[in-house]
Amino acid sequence: VANNRNLALALLIVVVGFFALSNATFVVPEGNQALITQFGRIVGEPVTKAGLYFKIPFIQDVRMFEKRILSWDGEENPDGITTKDKKLVIVDTTARWRISDLVQFANRVRNEQTARSRLDTVIDGRTRDVISAHNLVEAVRNSNAILDQLEARRKAAEESGEVEEEVLGEIETIAVGREKLSDMIKEKAEAELATLGIELIDVQLRGIAYNEEVKAKVYDRMISERQRIAEKFRSIGKGEQAKINGTLNRDLK
């Protein structure tokens with residue numbers, strides 16, 4: 001009986017020791033970082049390197065966080081934004097971010113889900129501010145190179161005597177451009193996000209689109225422009241036809 005008790009006690013000690021040892025160690029995987037908490041309060045410095053670490057068993061806990069660069073995408077069905085030139089557009093925005101101050105992030109944001117919610121509020125708000133303060137063309141193009149190309153085409157057409165097809169509508173010149181607008185959104189948002197322990201790496205305007213009502217009007221205008229251009233070509237053709245017929249009748253006489 002005594003031997004059985006000793007054996008049971010030994011087994012109990014081994015089991016308790018095993019659980020204590022397993023609870024006293026933790027592994028930080030590659031691409032992660034960790035905080036040790038004791039009774040809900042952060043103790044020590046963040047663990048930012050992958051490896052095996054120790055903590056006080058049953059008293060201290062470990063919270064894991066991402067260390068890698070994370071992506072953020074705007075709302076699936078964003079509200080329209082009215083540009084400075086009164087055009088209602090849908091802006092699709094994307095960004096990259098990472099946790100820069102783990103202690104501040106854990107205290108103020110707590111987890112990635114809450115962080116993404118804060119990113120929704122901050123980046124969408126700053127995007128709305130920047131887009132509404134500029135004309136639509138600034139969010140569409142980065143340079144005025146297209147104007148130079150069109151001017152070169154017009155000159156070449158004049159020299160060769162060909163008829164150059166007109167471009168739809170008026171092409172506006174830009175003063176800021178799409179990339180600089182993205183930088184402006186980033187600058188406005190990153191200061192606010194830094195207080196949450198978040199580093200905003202970059203922001204990109206992934207897409208600009210008209211809402212359905214405005215899109216239909218744009219298509220109608222494009223159709224009327226093409227019809228006008230086609231009518232101009234027909235008019236030029238009729239003029240050439242009249243010249244040829246005139247020359248032919250004169251030769252026949």
Side-chain angles (χ1 to χ4, degrees), residues 69 71-98 100 118-159 162-196 198-229 232:
I69 294 175
S71 63
W72 170 88
D73 290 319
E75 299 178 9
E76 293 184 2
N77 299 301
D79 296 330
I81 302 175
T82 303
T83 61
K84 186 178 180 181
D85 49 351
K86 308 302 180 185
K87 295 177 181 177
L88 185 62
V89 294
I90 306 297
V91 181
D92 184 10
T93 313
T94 185
R96 295 186 301 162
W97 65 283
R98 64 185 169 195
S100 57
R118 299 296 293 272
L119 286 165
D120 288 343
T121 301
V122 174
I123 298 180
D124 283 342
R126 301 298 81 76
T127 299
R128 187 173 297 276
D129 293 342
V130 171
I131 296 298
S132 62
H134 294 84
N135 290 340
L136 174 61
V137 67
E138 302 289 356
V140 175
R141 300 205 322 268
N142 278 322
S143 71
N144 293 310
I146 187 173
L147 296 176
D148 298 332
Q149 295 173 5
L150 290 173
E151 184 62 25
R153 284 172 54 185
R154 289 193 186 97
K155 289 182 179 179
E158 289 176 0
E159 292 175 358
E162 297 177 355
V163 178
E164 175 64 17
E165 182 178 350
E166 295 183 25
V167 179
L168 298 179
E170 294 294 330
I171 297 182
E172 303 174 59
T173 58
I174 64 170
V176 181
R178 187 187 186 103
E179 290 184 2
K180 289 184 179 179
L181 288 188
S182 298
D183 292 339
M184 292 170 64
I185 295 170
K186 176 179 178 292
E187 291 173 5
K188 289 176 176 294
E190 63 184 354
E192 188 172 349
L193 293 173
T195 62
L196 306 176
I198 295 174
E199 177 189 358
L200 187 60
I201 297 172
D202 62 16
V203 176
Q204 297 293 330
L205 298 177
R206 187 164 51 186
I208 305 289
Y210 289 113
N211 70 353
E212 292 303 320
E213 182 180 351
V214 177
K215 189 185 297 184
K217 294 180 180 178
V218 171
Y219 286 156
D220 290 341
R221 188 175 72 246
M222 291 172 65
I223 291 170
S224 64
E225 286 284 343
R226 298 307 300 183
Q227 290 174 343
R228 182 180 61 81
I229 293 171
K232 178 179 178 180

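Fair warning: this is a prediction, and the values are worked out from it, not measured in the lab.
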Exercise. Do you know which two heavy atoms are closest between A189 and L200, and how far apart they sit?
Worked result: CB-CD2, 3.8 Å
Exercise. In chain order, what residues pass the side-chain hydrogen bond (donor to acceptor under 3.5 Å, both in side chains) check against R178, with sequence neighbours excluded?
Worked result: none
For this session: Using modelled atom types only, decide if a donor and an acceptor are shared between the side chain of T94 and the backbone of W72 within a distance under 3.5 Å.
Result: yes
Exercise. Who pairs with D183 by salt bridge (Lys or Arg N to Asp or Glu O under 4.0 Å), at least two apart in sequence or on another chain?
Worked result: none
Exercise. Can you tell me how far the CD1 atom of I174 sits from the CG atom of N142, to the nearest 0.5 Å?
Worked result: 6.5 Å
For this session: Without swapping roles, check the side chain of N144 against the backbone of T173 for a donor-acceptor pair under 3.5 Å.
Result: no
For this session: State the CG-CG distance between L119 and D73, to the nearest 0.5 angstrom.
Result: 11.0 Å
For this session: Keeping the roles fixed (side chain from R206, backbone from G74), state whether a donor-acceptor pair exists under 3.5 Å.
Result: no
For this session: Might you work through the side chain to side chain contact (heavy atoms under 4.5 Å, CB included) test for L196 and V122, ending with a clear yes or no?
Result: CA-CA 11 Å; L196 306 176; V122 174; 5.6 Å; no
Problem set entry | Minimal non-hydrogen separation, Y210 against L88, with atom names | CD2-O, 3.8 Å
Exercise. Tell me the salt bridge (Lys or Arg N to Asp or Glu O under 4.0 Å) pairs involving residues 125-138, sequence neighbours left out?
Worked result: R126-D129, R126-E192
Seminar exercise, completed: d(T127 OG1, K188 NZ) to nearest 0.5 Å is 11.0 Å
For this session: Any chance you could measure D202, atom CG, to K186, atom NZ, to the nearest 0.5 Å?
Result: 7.5 Å
Exercise. Should L205 and T93 be marked as a side chain to side chain contact (heavy atoms under 4.5 Å, CB included) after you check the CA-CA gap, both sets of side-chain angles, and the distance that decides it?
Worked result: CA-CA 5 Å; L205 298 177; T93 313; 4.2 Å; yes
Problem set entry | Reported NZ-to-CD1 distance for the pair K87 and I131, which is rounded to 0.5 angstrom | 13.5 Å
Exercise. Take atom CD in E199; do more than 12 heavy atoms of anything else shown fall under 6.0 Å from it?
Worked result: yes
For this session: Apply side chain to side chain contact (heavy atoms under 4.5 Å, CB included) to the pair V203 and E190, showing each step before the final yes or no.
Result: CA-CA 10 Å; V203 176; E190 63 184 354; over 6 Å; no
Seminar exercise, completed: Minimal heavy-atom distance between T83 and H134, with the atoms involved, is CB-O, 3.5 Å
Exercise. In Å and rounded to the nearest 0.5 Å, what is the NZ to CD distance from K180 to E187?
Worked result: 11.5 Å
Exercise. Which heavy atom in A95 sits nearest to a heavy atom in I123, and how many Å separate them?
Worked result: CB-CD1, 3.9 Å
Seminar exercise, completed: Scanning both residues in full, the closest heavy-atom pair of S182 with Q204 reads OG-CA, 4.1 Å
